[in-house]
Amino acid sequence: MQLSEQEIVRRENLQKIREMGIDPYPPEAWPINAYAAAIKANYQEEVLEDGTKNRLNYQDVCVAGRIMAQREAGKAMFMNIQDSTGQIQLYLRRNELAAGDPAGEQDFSFFDVLIKKLLDIGDFIGVKGYVFNTKTGETSIHVTELKLLAKALRPLPVVKKDAEGNVFDAFTDPELRYRMRYVDLIVNPEVKETFLKRTKMIASIRQFLNERGALEVDTPVLQAIPGGAAARPFITHHNALDIPLYLRIANELYLKRLIVGGFEWVYEFSRNFRNEGMDRTHNPEFTVLEFYTAYKDYFWMMETTEKMMEKVALDTCGTTDVQVGDKVLSFKAPFKRVSILEAIQEHTGIDVSGMDEAGLRDVCKKLHIAVDNSMGKGKLIDELFSEKAEKHYIQPTFITDYPVEMSPLTKRHRSKPGLVERFELMVNGKEVANAYTELNDPIDQRERFEEQARLMERGDDEAMFIDHDFLRAMEYGMPPMSGIGFGIDRLVMLFANQASIQEVLFFPQMRPEVF
RNA sequence: GAUCUCGUAGCUCAGUCGGUAGAGCAUUUGACUUUUAAUCAAAGGGUCCCGGGUUCGAGCCCCGGCGGGAUCACCA
């Protein structure tokens, strides 16, 4: 391996540390009793009449962190260390860290050699000391004891910030940031914020569901029949059984089996895998929250969804008015409801309700939407909506009542022939959730699967497989229910105001690196 | 998969008309006991993504490849 000059220096420093009798990777625990952010927020001191300071708290702190900056000032030194909560400044003095009798012979090598020469940016250290404010008002730890906790052998990008908050030499190359997310997280604090928001959002959803009595469950990731969605799966092979298995594209059919089994409300944060293109809104593995609730319909689901979204916005952003790009989105319930046919009429001026396939195809051609003969009525309506209407729904809006051809798992509409009881929640011109009154008529379900099988024979590689066990479950009796799936990564993109899915996944898929 | 675009020091970036490879930070050496983008003085550091071609001469021009980003297609 070719080492850079800085890597060679650090390896030499490591050797010198060992020669000083210091273990650069000591095993003992370090007894932390304070954190950077809390110290800076809560430290108090008062200036007495004689000008001396009375320090009120944090006079015996023990912290740990990574060295992020070093400023030598002769026989003193300043460092910034970073712990999980942020950075704090350290103040170190040569004579206070010396060995031996202050009145007689003293050994200053700990400060002169270890601290000034052998410690580098990136090293983990633990320090003990007391907190004070410097002349310039910076809350700092006056260090009385320092211990090297772990030596770093590679130089970190050094990102600097001035008093006005201008950032210099930021570590910005997306390829390096995604491949070395650990470095990204160390030097770009706002990246950490995004991921903390993601965790907060998921916790908020979990709380919303749990307090209403929903049950969190786990269902198979490896499936013999990849069902519940129209997508190309990843395929793998099980050696002991000598069978092909698929990574799940959805967990819908398993959650519905659980409703058959007698649970009334189940949910799962499902990692799904789809063998399709990648771009700034698609990663091969992604997270969907699905939940299914017995004895409910899609009207109930709309109300539940808007309540949940309102809570999630409050919990993750502190407000229902969320800034996304240059827009402010209001997640205050209730949300607008528009049927897909009304939406098309509103944005094309054409009423397509009641039109047959030929009529729809003419409308598409007139509006310069590419069509081909494989497209049925449902697909044509879907094209009209996604080409002409979808992008206009910036504020959260429920688009309802889709054509039956697009929705093989959805119950037919109670009053509108040819449509199903389905909605998608559109936010910022994109779909973030998809929900139905679920189909629970096993004979209708079997026919819908058979239609999918015909599509597959015609070469549609995204058509659904027939899942005979799922049909058997439904034949045992499935209660009426409503179900929904939320694209969690896309919700995080909204609430964290990020334009790329790679910014909300710790380790987005990349081409393998060649070493 | 298609098109456009980028790849130069550890990081962020300059590099003119094709003529000896540059800066800031980081690193090394020295000064400085309340600094904070610390400062001051000096020094070292390069497979210019890889492979071909044109040329007396290529970081720069041409061809091919690898990797990233953006747009589009498919999808959530």
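For clarity, every value in this text was computed on a predicted model and none was experimentally measured. The sequence lines fix the lettering, A, B, ..., with proteins before strands; numbering per chain opens at 1.
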In terms of side-chain heavy atoms, does A/Gln509 have a donor or acceptor partner in A/Asn283 at a distance below 3.5 Å? no
Does a nitrogen or oxygen in the side chain of A/Lys117 sit under 4.0 Å from OP1 or OP2 of B/G30? yes
If we call it a pair only when both distances are under 3.5 Å in a Watson-Crick or G-U wobble match, what pairs with B/A37? none
Would you please confirm or rule out a distance under 4.0 Å between OP1 or OP2 of B/A38 and any side-chain N or O of A/Lys160? yes
Please check the phosphate of B/C74 (OP1 and OP2 only) for any side-chain N or O of A/Arg274 closer than 4.0 Å. no
Is there aromatic stacking of A/Phe168 on B/A37 here, judged by a ring-centre distance under 5.5 Å and a plane angle under 30°? yes
Aromatic ring of A/Phe78 stacked on base six-ring of B/A38, 5.5 Å, 30°: no
Contact pattern, 5' to 3', of nucleotides 43-51 of chain B - B, S or - by protein heavy atom under 4.0 Å: -BS------
Could you tell me whether the side chain of A/Thr172 has a donor or acceptor atom within less than 3.5 Å of a complementary atom in the base of B/U12? no
Does the B/U33 base have a donor-acceptor partner in the side chain of A/Arg93 within less than 3.5 Å? yes
I'd like to know if A/Asp279 reaches the base of B/C74 with its side chain such that a donor and an acceptor end up less than 3.5 angstrom apart. yes
Is there side-chain contact between A/Phe465 and A/Tyr246, with heavy atoms separated by less than 4.5 Å? yes
Does a donor on one side chain and an acceptor on the other come within less than 3.5 Å for A/Tyr298 and A/Asp401? yes
What does B/C72 pair with, Watson-Crick or G-U, if both distances are under 3.5 Å? B/G1
Between A/Phe331 and A/Phe495, does the ring centre distance come in under 6.0 Å? yes
For the residue pair A/Met464 and A/Pro408, establish whether any side-chain heavy-atom pair is separated by less than 4.5 Å. yes
